[in-house]
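In what follows, residues are counted from 1 in the order of the sequence shown. Note: hydrogens, waters and symmetry copies are ignored here, and every other heavy atom, side chains too, is used.
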Amino acid sequence: MIFSTLEHILTHISFSIGSIVITLHLITFLGNEIIKPYDSSEKGMITTFLCLTGLLTTRLIYSGHFLLSDLYESLIFLSWSFSLIHIVPYFKIRKNDLTTITASITIFT
């Protein structure tokens, strides 16, 4: 019961933050002079990555089997992978148009 509640909380937090991150990325993509929303959107994406990591870990402990066994878990794993792809260029290059695409793909997945 605790794992199920934790799973629901992490799912809602990660995808709520993800939708806010998409909005902030689109704002910074359209207007290059805005710096503050870009920084907060990157922090939001890191938070989303951590929540998805916790969600996948909770699913692994709760279900006791490999996480790619059904469609729901596969899509969550795909979102986690896109979040990881999004975070890696952030630490190397501060502004990249690829991050706008990967943030959108993460939430839509």
Side-chain angles (χ1 to χ4, degrees):
M1 183 70 177
I2 293 174
F3 285 120
S4 177
T5 306
L6 181 62
E7 178 184 341
H8 287 289
I9 290 171
L10 289 173
T11 303
H12 291 297
I13 288 172
S14 65
F15 290 111
S16 298
I17 291 174
S19 7
I20 293 169
V21 165
I22 285 177
T23 306
L24 292 174
H25 270 287
L26 290 176
I27 288 171
T28 56
F29 185 67
L30 296 175
N32 290 333
E33 67 274 356
I34 302 172
I35 302 298
K36 292 286 184 186
Y38 181 75
D39 292 336
S40 60
S41 68
E42 292 304 322
K43 291 176 185 172
M45 202 61 193
I46 291 171
T47 305
T48 300
F49 174 75
L50 294 175
C51 286
L52 286 174
T53 303
L55 172 67
L56 288 172
T57 305
T58 304
R59 287 282 290 191
L60 177 67
I61 293 170
Y62 183 66
S63 64
H65 58 79
F66 191 60
L67 294 174
L68 300 176
S69 61
D70 62 0
L71 182 62
Y72 173 73
E73 292 169 349
S74 299
L75 290 176
I76 294 295
F77 184 77
L78 185 63
S79 291
W80 179 82
S81 301
F82 280 127
S83 298
L84 184 64
I85 291 170
H86 177 87
I87 290 172
V88 169
Y90 170 71
F91 289 118
K92 291 184 178 183
I93 305 169
R94 282 308 219 197
K95 177 116 170 114
N96 192 357
D97 292 337
L98 176 69
T99 59
T100 303
I101 297 168
T102 57
S104 302
I105 291 173
T106 298
I107 192 63
F108 289 137
T109 306

Fill in: Straight-line distance of L52 CG to I17 CD1, nearest 0.5 Å
10.0 Å
Item to complete: List in chain and number order the residues that pass side-chain contact (heavy atoms from CB on, under 4.5 Å) with H8, two or more places apart in sequence or in another chain; answer none if no residue qualifies.
Response: S4, H12
Discussion item. Checking L71 now: which residues fulfil side-chain contact (heavy atoms from CB on, under 4.5 Å) with it, not counting sequence neighbours?
Written reply: L75
Worksheet item: Partners of I9 by side-chain contact (heavy atoms from CB on, under 4.5 Å), sequence neighbours excluded?
Response: T5, I13
Discussion item. Show every salt bridge (charged side-chain N to carboxylate O under 4.0 Å, His left out) that has at least one partner inside residues 8-23, sequence neighbours left out.
Written reply: none
Worksheet item: Partners of L10 by side-chain contact (heavy atoms from CB on, under 4.5 Å), sequence neighbours excluded?
Response: L6, C51, L55, T58
Worksheet entry | Which residues share a side chain to side chain donor-acceptor pair (under 3.5 Å) with S81, sequence neighbours left out | none
Fill in: Where at least one partner belongs to residues 2-17, residue pairs that pass salt bridge (charged side-chain N to carboxylate O under 4.0 Å, His left out), sequence neighbours excluded
E7-R59
Discussion item. Quick one, L56 and L60 - any side-chain contact, counting heavy atoms below 4.5 Å?
Written reply: no
Practice prompt. Keeping to residues at least two apart or across chains, list the salt bridge (charged side-chain N to carboxylate O under 4.0 Å, His left out) pairs with something in residues 9-24.
Written response: none
Discussion item. To the closest 0.5 Å, what do you measure between CH2 (W80) and CD1 (I85)?
Written reply: 10.0 Å
